[in-house]
Each structure stands twice: as C-alpha cells, then as structure tokens.
Amino acid sequence: MLRIGTGYDVHKFAPNRDLILGGVTIPHHQGLLGHSDADVLVHAIIDALLGACAFGDIGKHFPDNDENYKNISSIKLLEHVQLLLEDKNITINNIDATIIAQKPKLAPYIQEMRKNISNTLKIDISQISIKATTEEGLGFTGKEEGIATQAVTLINKQ
C-alpha cells in the first residue's frame, strides 16, 4: 500500500552552535537552537517518514527532555527510523524536501546532504530531492531569525 507523509520543522538561529543541515556542517556565523543538533532538514524528513507509517512524530520517538538525545546527531535519529522501517518491511519510494532560509546559500552543500541521507536510509540518491529557497526577506526565515524545512515522502507499506 502506498502512503504519503509530510513533515515540517523550524529552529531559530543561536550563537555558538554549528549549522548542520542534512548531516553537513555549513559555515555560518550562527547555528540552530535545539535539544539535538537541530538539523531541521533531517527532522522534517523523520516526521514525514513517521507520519507516512502512522508511527507518531519525532517528539514521541526522541523526546526533547531525554538526555540521551542532548546534542545528538540527527543522522543517528534517522538511522533509528530506518531500522523501524526495515523491521516493518516498509520501503521508501522517494523524499522531496525544501529548506527555507534567507542565508546562507545552500546550493554548494545539497549533493552532500542527499548523499548523507541516502546512505543513512539505504536508498539510492536519486530517490532524494533537496531544494533550497528564500522568502525574499519576508517572515522569520526572510529576516534571518531561523530556518524551516518541509518534506514529503512516499512509502510502500506491506
């Protein structure tokens, strides 16, 4: 049975943190604030996958009050989700994600993000699309207060 899932995440900028998107550390004067590494791209993908499977959301699986997840790499969280899917014989058809950020420019890093996510989920890189856009100076992302990401996935649930 084919199922669709959507995910959305947002984190505000914070000083003295690395900016990590798709498991890639991106040079920037601020990172994102969060309990984990605050990788909004991976968080949105996790929520899309969990939602498609009706497994709840990222907060159910990785609560932000659990010290086990403090500063953890979101790629590690994605590994856990991949194991959940594998255990239930669920396959990923594709993932399409859009990162919404005024700055920094992300195009130079997208291929590495796709590679990290495809390797973690054990799917072909051609099954993952990642795009970046700005909001032309509008809203909190346009004012460079944070970054948001939307993700959609199509899975096959046996």
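Residue numbers start at 1 and run along the sequence shown. All values below come from the heavy atoms of this structure, side chains included, with hydrogens, waters and symmetry mates left out.
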Side chain to side chain contact (heavy atoms under 4.5 Å, CB included) evaluation trace for L19 with L21: CA-CA 7 Å; L19 177 57; L21 297 171; 4.3 Å; yes
Main-chain N/O of I92 paired to Q127 side chain as donor or acceptor, under 3.5 Å: yes
Check against side chain to side chain contact (heavy atoms under 4.5 Å, CB included), T149 and I100: CA-CA 6 Å; T149 302; I100 306 155; over 6 Å; no
I147 and V10: CA distance, side-chain angles, deciding distance, side chain to side chain contact (heavy atoms under 4.5 Å, CB included) verdict: CA-CA 6 Å; I147 295 178; V10 59; over 6 Å; no
Distance, nearest 0.5 Å, that separates OG1 of T153 from CD1 of I95: 4.5 Å
OG1 on T91 to CG on N89, rounded to 0.5 Å: 9.0 Å
Rounded distance (nearest 0.5 Å) linking atom CG of N116 with atom CD of E112: 5.5 Å
Pairing of K70 and D64 as salt bridge, 4.0 angstrom limit: no
F62 and H35 aromatic centres sub-6.0 Å: no
Salt bridge (Lys or Arg N to Asp or Glu O under 4.0 Å) pairs, two or more places apart, involving residues 1-23: none
From CG (L78) to CG (L83), nearest 0.5 Å: 10.0 Å
Neighbour count >12 (heavy atoms, 6.0 Å) for atom CD1, I125: yes
Nearest heavy atoms of I26 and M113, plus distance in Å: CD1-CE, 3.7 Å
Least distance between heavy atoms, E86 atom then K122 atom: OE1-NZ, 3.9 Å
By side chain to side chain donor-acceptor pair (under 3.5 Å) - contacts of N68 (at least two apart): D66
4.5 Å side-chain heavy-atom contact, L85 and I155: no
Nearest heavy atoms of I128 and R114, plus distance in Å: O-NE, 2.7 Å
Heavy-atom pair with the smallest gap, counting every atom of L41 and A97: CD1-CB, 3.6 Å
Qualifying residue for side-chain contact (heavy atoms from CB on, under 4.5 Å) with F13, from H29, Q30, E145: Q30
Side chain to side chain donor-acceptor pair (under 3.5 Å) involving S74 - partner list, sequence neighbours excluded: D37, H43
Over 12 foreign heavy atoms within 6.0 Å of NZ, K157: yes
OG-CG distance between S126 and N94, expressed to the nearest 0.5 angstrom: 9.5 Å
Expected output: side-chain S36 to main-chain Y69 donor-acceptor under 3.5 Å: no
Min side-chain heavy-atom separation I90-N156 under 4.5 Å: no
Test side chain to side chain donor-acceptor pair (under 3.5 Å) applied to T120 - qualifying residues, sequence neighbours left out: none
Shortest non-hydrogen contact between A148 and Y8, atoms and distance: CB-OH, 3.7 Å
Derivation and outcome, side chain to side chain contact (heavy atoms under 4.5 Å, CB included), residues L77 and I46: CA-CA 8 Å; L77 305 180; I46 288 172; 3.8 Å; yes
Can you give the donor-acceptor pairs under 3.5 Å from side chains of residues 48-60 to other protein atoms, not counting sequence neighbours?
from: D57; atom 1: OD1; to: G59; atom 2: N; distance (Å): 3.1
from: D57; atom 1: OD1; to: K60; atom 2: N; distance (Å): 2.9

Would you list the atom pairs, donor with acceptor, under 3.5 Å between side chains in residues 135-143 and any protein atom, with sequence neighbours excluded?
from: E135; atom 1: OE1; to: T141; atom 2: OG1; distance (Å): 2.4

Min side-chain heavy-atom separation I117-I130 under 4.5 Å: yes
Common cluster, I45/L84, ILVMFWY with side-chain heavy-atom separation under 4.5 Å: yes
Shortest non-hydrogen contact between L154 and L2, atoms and distance: CD1-CB, 4.1 Å
Donor-acceptor contact present, side-chain H11 to main-chain L32, <3.5 Å: no
